[in-house]
Amino acid sequence: MMIFKREFKRNMKSLIIWSAALSALVIVMMSVFTQMSEQADLIDQLMSAYPESIRSAFGMDTLNMATVLGFYGVEVYTMTTLFGSIYAAILASGILSKEQSEKTIEFLLSKPVTRTRVMTEKLAIVIVNLLIFHIVIIGVSALSFVLLQDQEVDWALFALMSCALFLLHAVFAAVGFFLSSFMNRGRTVMSTVLGIVLMMYFIHIAAGLADSISALQYITPFTYVDAADLLETGSLNILALTIIPIVIVVAILAAYTIYRRRDIAV
Amino acid sequence: MKAVDIRQLSKYYGKSKGIDKVTFSIEEGEVFGFIGPNGAGKSTTIRTLLNFIYPTSGEASVFGKDIVKDSVEIRKLVGYLPSEIHYYDDMKAVDLLRYSASFYGHVDETRMKRLAERLDLDLNRKIENLSFGNRKKVGIVQALLHQPKLLILDEPTGGLDPLMQHTFFEMLAEEQQKGVTIFFSSHILSEVQKVCDRVAIIKQGELMQVETVSNLTGSRFKNITIVLEPTAEDYEFQLDGIVHQQRSGHEYKLLFNGDIKSLLHEVQQIPLRDLRIEEPSLEEVFMHYYEK
């Protein structure tokens, strides 16, 4: 538990900052909704301000922006999926590679702990921090539905969206953890994993815009947890429920296998 | 049982050689020196013993435990002082030491304070604000705190001032009294001579020889630099024990292992401006030691 405690302290600050920043984002966007729902024609104006292709890319054509979850799906969920993925990726990719780049790994591995134990305690920190992060932003979202507006909310659907959010972030965390198991430089790992997140997000948007590359959408997890899809079908895509967990498990197992066998040189 | 037993241990990084077929052993309670120039494979050997890196071939054991299979068991018994100290910058020295000790079960606060006091180390300073030498002291306390049976010290004196080095060697002597085995890696011959019973000499990844210190010190090589007055005539030194002579202008450099008194006698006869007598570098000694 020593490594867990130590890492918990060390990562506390960034957990607080990211949770607070995204909570603020949720609150600001939901208070925009409050104002808009008082003047229904504002929403129509807002919608028509976007070109049609953009509307379809962000699911605004199928989502009813006048309903609270429709608005949440377009304006909040798209933001939390992106920024949450960035947070998850940074958190998970730094947890191992930081010891490497700051050369403290020699200290840690000279203590009587197995590498498996080092990884497990660090992975536990990633999971716990992600859980806290989600409890905060999901809790703040739910509170904003109750306090900032007076429509009925489909809570089951909201719970589904929240699960999708967590699945998405978990997959990027797993990829980050995997990369940091063999890449030595903290900064390289972080920029690689950020590049992956942004690339995936971009492909998701681009594939929605242009039919010619729409097949590409299946390589990005953002597609699997698309808000429009979730709200329309009321269930999680079968791909989200299979491919994402498989990728998570494979990435973590691969990380363990590689890290336990590799030379740790500083 | 041997404290350390290394058999035909090799480590290659891809094609480049770290160490090749190194074989030697250290008795329990012995102070064992490990010398060689930088990049000779000293740290590679140590890192293999601690299983930071995996051996390419060969095997080794510490107190009879296999370095790969029983690494955690071994690390319970070992105190390791790396040549370069890197600790968590956000921690105070005392936090680092408590964190370190917690892996071995309990934190001996009294021992920690006593060790820190002897090294004149302020435990409440943040590690990022510590000088190189003070970080080294944190490293020393860290290595000794949990009362290990084997101390592995990689270039331990770097950064310590002479007074601190003295204290440090005193502390090592006390540990040895208690039966602790010490594996002392260094490129400085004189400090190895001072504390070790035996030394292993490693060069370019290969073990040259394992020697008792008394054998090594039998060869008293000195580097002598003699500067004559600018007006002096050319001079030829004709002394027993001059292994090598080199001259530039009025400066003469000798590698000397003869009688120092006869040398002093000779320099009294000549128009001397300056005289330096130095320990030769390890490389120089080895070169001549092994030529014979």
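Worth knowing before you read on, the calculation uses all heavy atoms, side chains too, and leaves out hydrogens, waters and symmetry mates. In what follows, every chain begins at residue 1, and chains take the letters A, B, ... in the order their sequences are listed.
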I'd like a table of donor-acceptor pairs (distance under 3.5 Å, sequence neighbours excluded) in which one partner is a side-chain atom from residues 70-77 of chain B, with atom names and distances.
from	atom 1	to	atom 2	distance (Å)
D70(B)	OD2	D66(B)	N	2.9
S71(B)	OG	R75(B)	NE	3.0
S71(B)	OG	R75(B)	NH2	2.9
E73(B)	OE2	K76(B)	NZ	3.2
R75(B)	NE	L109(A)	O	3.3
R75(B)	NH1	L109(A)	O	2.7
R75(B)	NH1	K111(A)	O	2.9
R75(B)	NH1	V113(A)	O	2.9

Chain B contact residues among residues 129-146 of chain A, heavy-atom distance under 4.5 Å: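 When heavy atoms of chain B are the reference, residues 129-146 of chain A contributes no residue within the under-4.5 Å range.
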
Approximate separation, where rounding is to 0.5 Å, of [X] [atom1] and [Y] [atom2]:
X: L96(B); Y: R6(A); atom1: CG; atom2: CZ; result: 8.5 Å
X: K13(A); Y: D90(B); atom1: NZ; atom2: CG; result: 9.5 Å
X: E102(A); Y: D89(B); atom1: CD; atom2: CG; result: 6.5 Å

More than 12 heavy atoms of other groups within 6.0 Å of [X] [atom1]:
X: F182(A); atom1: CZ; result: yes
X: K2(B); atom1: NZ; result: no
X: F63(B); atom1: CZ; result: yes
X: Y54(B); atom1: OH; result: yes
X: R262(A); atom1: CZ; result: yes
X: R7(B); atom1: CZ; result: yes

Below 3.5 Å, can you tabulate the donor-acceptor pairs from side chains in residues 81-88 of chain B to any protein atom, sequence neighbours excluded?
from	atom 1	to	atom 2	distance (Å)
E84(B)	OE1	H86(B)	NE2	3.3
Y87(B)	OH	Q142(B)	NE2	3.0
Y88(B)	OH	E99(A)	OE1	2.8
Y88(B)	OH	E99(A)	OE2	3.3

Chain B contact via R117(A) - side chain, backbone, both or neither, heavy atoms under 4.5 Å: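 It is neither, since no heavy atom gets under 4.5 Å.
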
I3(A) versus chain B, the contacting section by heavy-atom distance below 4.5 Å: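 It is both, since atoms from each part get that close.
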
Interface moiety of S100(B) toward chain A, non-hydrogen atoms closer than 4.5 Å: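 The answer is both parts of S100(B).
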
Contact origin within F52(B) toward chain A - heavy atom pairs under 4.5 Å: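 Contact with chain A involves both backbone and side-chain atoms of F52(B).
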
Residues from residues 101-130 of chain B approaching chain A under 4.5 Å (heavy atoms):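 Near chain A, by residue number: S102(B), F103(B), Y104(B).
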
Salt bridge flag under 4.0 Å for residues K11(B) and D263(A):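 Answer for the salt bridge query: yes.
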
